Each structure stands twice: as C-alpha cells, then as structure tokens.
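A quick note: this is a predicted structure, and the numbers were derived from the prediction, not measured. Residue numbers start from 1 in every chain, and the chains themselves are labelled A, B, ... in the order their sequence lines are given, proteins ahead of strands.
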Protein chains: 2
Amino acid sequence: MKISELSRSSGVSLPTVKYYLREGLLPPGRAMGRNQAEYGDAHLRRLRLIRALIDVGNLSVAGVRQVLQAVDDGGLQGHDLLGTAHEAIAGTPRADRGTAGWQAARDEAARIVADRGWRVHDRAPALDQLADAIAALRELGQEDMLAMVDGYAEATERLAVQEVGLVLARGDRAAMVEGVVTGTVLGEAVLTALRRLAQEHTSAGLTEPG
Amino acid sequence: MKISELSRSSGVSLPTVKYYLREGLLPPGRAMGRNQAEYGDAHLRRLRLIRALIDVGNLSVAGVRQVLQAVDDGGLQGHDLLGTAHEAIAGTPRADRGTAGWQAARDEAARIVADRGWRVHDRAPALDQLADAIAALRELGQEDMLAMVDGYAEATERLAVQEVGLVLARGDRAAMVEGVVTGTVLGEAVLTALRRLAQEHTSAGLTEPG
DNA sequence: GATAGTGGATAGTGATGCTATCCACTATGC
DNA sequence: GCATAGTGGATAGCATCACTATCCACTATC
C-alpha cells in the first residue's frame, strides 16, 4: 500500500499522515527505494487507533505518542501499561496543587482509596485528579456532592472487575495491550456518554410531570 | 473589592481576570467612577467556578461562556439546564459522522438507550458521543469491549438517580442550578478519576501474584 | 502632588495540530 | 522512451486558543 492509499482508506489527509510519520506516531513504511515505501495493514490499524485516541479520547498528539510507545514496548506488562496509559491521558495539572486546600483534598483522596482497600501506586495521576475535583467542589461550597463518592467508587470497582476480566480473557499479549488502551480511553468515552444520557433520562423523569 | 484584590484572592492573574471580563465569563463590576469598579463575593465565586470548569472539567472558554449564560438565564429549568451543560461540554464532533459505519453505531446507540427505556432527546449530543465511541471500537476490531455497555448503563442509571436526587434536595433554584453544573462537570471528573483508580487496583490484584 | 492602581483597548505570545509548498526523484501508463 | 502523477523528506505557513503584555488617560489614596 502506498501512502496515498493509506490516506484514502483511512480518511486521514495525506499531509496529516505525513505529519504523524514525522511525529513518530506512525512507524515509517518499509522503504522500497529512495522515494517509495510500502505500508501495510498494521499501519492502517495504527492510524485508526491514533484517530480514535485523538478524536474520541481527546488525547493530545504527545499523549498518543506516549501511549503508543508503551504499546510498542514489548517488555511492558498489562498493569504497567495501564499506568502509562493513565499518565498519558492525565493532561495538564491544575495550578493550585500545593495549596493547603488542595493538600487536604489530596489527603482525602488518599483516604477514600485506602478505606476501600484499593491498592494503588501513591503517585498515580488519578489520585491527583481526584484531589483536583474534590478541592474544586469544596472551594465552590458544593461539598454535598461528595456524598456521591461512595456510589462512584462502588460502581467503578464492580465495573473494573468486568473490564479487567474482559481484557485478560483475550489471552495473547498483543490483543491485551490494545484492549488496555482502548478499554481505558474509549471505555471512558462510552461511560461518560451513558452517564449523561442516564442523567438526562432521570432528570426528565423526576423533574417533569410526564 | 477592587480588581487587583479579586485577582489576588482568587489566584487568577490580573490580565486573565481582565480577559475573562472581556470574554463575558465574568460580569463587569459595579462602576464607581470612570475608572473604578467594585467587585463582590459573587465575582469571586464566579471566578472560582470558571477555573474549576476550565481546569478540572476541561471546558473551553467558549464552553464555559455557554454554561454560564445558561446558569444566568433565570428562565431555564433544571432539565433544560442539564441539556445546555451537556451541549457546552460536548466539544468538537468527530470528522467521520455521516459515514455508513458511524450511522450504524448511531443506530446502535439509539437502540441501547431505547432498550433501557431511557427517554432522551434524540438530538442529545451524548448520543452522538456514544456513537463516536462505538464506531471507533468497531473500527478497531474491539467490539468485545461493547460487552461492558450493559454494565455501564446499569451503573450510570443507578448513579443518576442519586445525583439528580441530590441536586433536587437543595430546594432553591439558584443552588440547584449550580448543582447541575458542578454535578455534571466535576462529578464526571470524580467518576473518571475513581474509575482509573479502581482499574489500577483491580488490574494489580488480578494480574500480579501479590 | 507623587504614585500606584484602574478600566479599556490593542497587540503580542507560545503551544498545538495540522496544511501547504517545494524539492529531487521514480514508478507507471501510454 | 517519455510525460506525468506520485513519493519521501524538509521547511514554512496557518488558524485557533488561552492567555499575557503594553499602553493609555485617568483617579483614588497616601
């Protein structure tokens, strides 16, 4: 497959394909001459994955690169890969990390996790993100919302068992790796979309006469 | 309170406060003279809300403006406000909407919702987002992940009842409005952070010997 | 009366994610 | 065998976004 065909069959514009090649998101094709290279099905798949991570998962190009490097790192096991994926989707940290209010929220986050008996790395980016959200809720005087935390934790724990089981069920490593990435990023997109729909339905039912 | 004090006590730089004023995110202060205005507690609260939506909720400035306009629109009831919030956080749509694969995914999304008996507006942005994610999963050959959809829907439905109940429990309209916005946006941040932590815990437990 | 600060306007900045153009060269179709 | 379309590679340009900086005439405050 030539680069133009790769572009056509993926729906990604040719300059953009070249851009991804430059940025190292897409591995170079097999060189067939000075100015000719052959791209395969793996490239097409990879290109689709890139677009999904960017469009659906809202990852930055840099985040995608990080994820893909982890995917390509044959030495990485499932669990470490998950950590890398989480780091890549973490995004820019809030400015107020380090203030007293944030530290308190961070402690609260650690306590929530500990109370559940969850064993997570204490430098997990998600802990900081949880602290960000808790700090913001407190700062805004919306602490009553924190009553939801238990429900969220309970639900996500149950779901995580299914999710991890699903990925492990695949058996071979390559498929598991892809499963971790897509499960983490696209699964999140599915979950939040469903959450919004559920909210809409429930809010209509509880606040309207019909 | 003068603008400099507003800046200082919110932690937002003065040029940025001016920028938010220009952009209409922050209402102008009460003019006390040609070049002097008075800002109150409401401005401080609003500024904190803006930062939370931007930093924690990953909203764009335009999205924040949309949300805040809805918040300030006294005529909007709880349910419509929720819709507006969902529109504001929707972001840029995927390019491939309209392809056959996407349409199929969109139909699937509609069916999932219908099977649950959820009554949602059929132009809800979350339906398109769900379709985006489903289409991406199918395109990548990760359809086995769709087995999670039931679990997600079940969980989010249960949570939505609690969430909506929590907001309704507030009684007065202004507090409910703030609750909808923070519950939607910051609640999502809390949920996804917890999801990642739960995954990490579960993955460690199921894939490692310890 | 000096000075620091104000609201308002306008311009500049850095990052990001492409997009466009140019180049020397080559596969391909006639 | 030769025109032409396409190639890999390099470099430059562009639009958007979220600020950030500067300037201004003016005024509150010490």
query: After noting the C-alpha distance and the side-chain angles of A/His43 and A/Arg46, does the key distance pass the side chain to side chain contact (heavy atoms under 4.5 Å, CB included) rule?
result: CA-CA 5 Å; A/His43 288 92; A/Arg46 171 59 57 99; 5.5 Å; no
Can you tell which of [options] lies closest to the side chain of [X]?
{"X": "A/Ser4", "options": "D/dT20, D/dT7, D/dA18", "value": "D/dT7"}
{"X": "A/Ile3", "options": "D/dA18, D/dT20, D/dT7", "value": "D/dT7"}
{"X": "A/Leu14", "options": "C/dG7, D/dT7, C/dC18", "value": "D/dT7"}

- request: Identify, between A/Pro28 and B/Tyr20, the residue whose nearest nucleotide on DNA chain D lies closer to the 5' end.
  value: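 Per heavy-atom nearest nucleotide, the more 5' residue is A/Pro28.
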Nearest whole angstrom, please: distance from the [atom2] of [N] to the [atom1] of [X].
{"X": "B/Tyr19", "N": "D/dT16", "atom1": "OH", "atom2": "C1'", "result": "11 Å"}
{"X": "B/Glu23", "N": "C/dG8", "atom1": "CD", "atom2": "P", "result": "15 Å"}
{"X": "B/Arg30", "N": "C/dG7", "atom1": "CZ", "atom2": "P", "result": "13 Å"}
{"X": "B/Leu59", "N": "D/dA18", "atom1": "CG", "atom2": "C1'", "result": "14 Å"}
{"X": "B/Met1", "N": "C/dT6", "atom1": "CE", "atom2": "C1'", "result": "16 Å"}
{"X": "B/Leu26", "N": "C/dG7", "atom1": "CG", "atom2": "C1'", "result": "14 Å"}
{"X": "B/Glu5", "N": "C/dG5", "atom1": "CD", "atom2": "P", "result": "13 Å"}

Considering all heavy atoms, the nearest [X]-[Y] contact:
{"X": "A/Thr202", "Y": "B/Glu157", "value": "OG1-O, 4.5 Å"}
{"X": "A/Ser10", "Y": "A/Leu44", "value": "CB-CD1, 3.7 Å"}
{"X": "A/Ala105", "Y": "A/Ala131", "value": "CB-O, 3.5 Å"}
{"X": "B/Arg196", "Y": "A/His86", "value": "O-CE1, 3.3 Å"}

When you compare the protein's N or O atoms with those of nucleotides 10-14 of chain D, which come within less than 3.5 Å of each other, and at what distance?
none

task: Begin with the C-alpha distance, continue with both residues' side-chain angles, and end with the deciding distance and a verdict on side chain to side chain contact (heavy atoms under 4.5 Å, CB included) for A/Thr84 and A/Gln69.
output: CA-CA 9 Å; A/Thr84 306; A/Gln69 272 166 8; over 6 Å; no
task: Let me have a per-nucleotide readout for nucleotides 25-30 of chain C, 5' to 3', with B, S or -, counting only protein heavy atoms under 4.0 Å.
output: BSS---
query: Of all of residues 50-58 of chain B, which get a heavy atom below 4.0 angstrom from DNA chain D, listed by number?
result: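 The answer is B/Arg51, B/Ile54.
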- request: With side chain to side chain contact (heavy atoms under 4.5 Å, CB included) as the test, would you mind laying out the steps for B/Leu140 and A/Leu186 before giving the verdict?
  value: CA-CA 11 Å; B/Leu140 294 169; A/Leu186 301 186; 3.9 Å; yes
OP1, OP2 of [N] versus side-chain N and O of [X]: anything below 4.0 Å?
{"X": "A/Thr16", "N": "C/dG17", "value": "no"}
{"X": "A/Ser13", "N": "C/dT19", "value": "yes"}
{"X": "B/Tyr39", "N": "C/dG7", "value": "yes"}

task: If C/dC22 has a Watson-Crick or G-U wobble mate with both distances under 3.5 Å, name it; if not, just say none.
output: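 Pairing partner, where one exists within any strand: D/dG9.
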task: Given side chain to side chain contact (heavy atoms under 4.5 Å, CB included), test A/Ile50 with A/Val12 step by step and report yes or no.
output: CA-CA 10 Å; A/Ile50 292 167; A/Val12 178; over 6 Å; no
Residues A/Arg138, A/Glu108; criterion salt bridge (Lys or Arg N to Asp or Glu O under 4.0 Å); working and verdict: CA-CA 11 Å; A/Arg138 288 217 180 280; A/Glu108 195 172 343; 2.9 Å; yes
- prompt: Any side-chain donor paired with an acceptor under 3.5 Å for A/Glu200 and B/Trp118?
  reply: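 The criterion, which ignores hydrogens and geometry beyond distance, is not satisfied for B/Trp118 and A/Glu200.
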query: Between the side chains of A/Glu163 and B/Gln199, is a donor N or O closer than 3.5 angstrom to an acceptor N or O?
result: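 Result is yes, a qualifying pair exists.
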task: Apply the side-chain contact (heavy atoms from CB on, under 4.5 Å) test between B/Thr184 and each candidate in B/Leu81, B/Ile89, B/Val67; give the one that qualifies.
output: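 Result: among B/Leu81, B/Ile89, B/Val67, B/Ile89 is the only option passing the side-chain contact (heavy atoms from CB on, under 4.5 Å) with B/Thr184.
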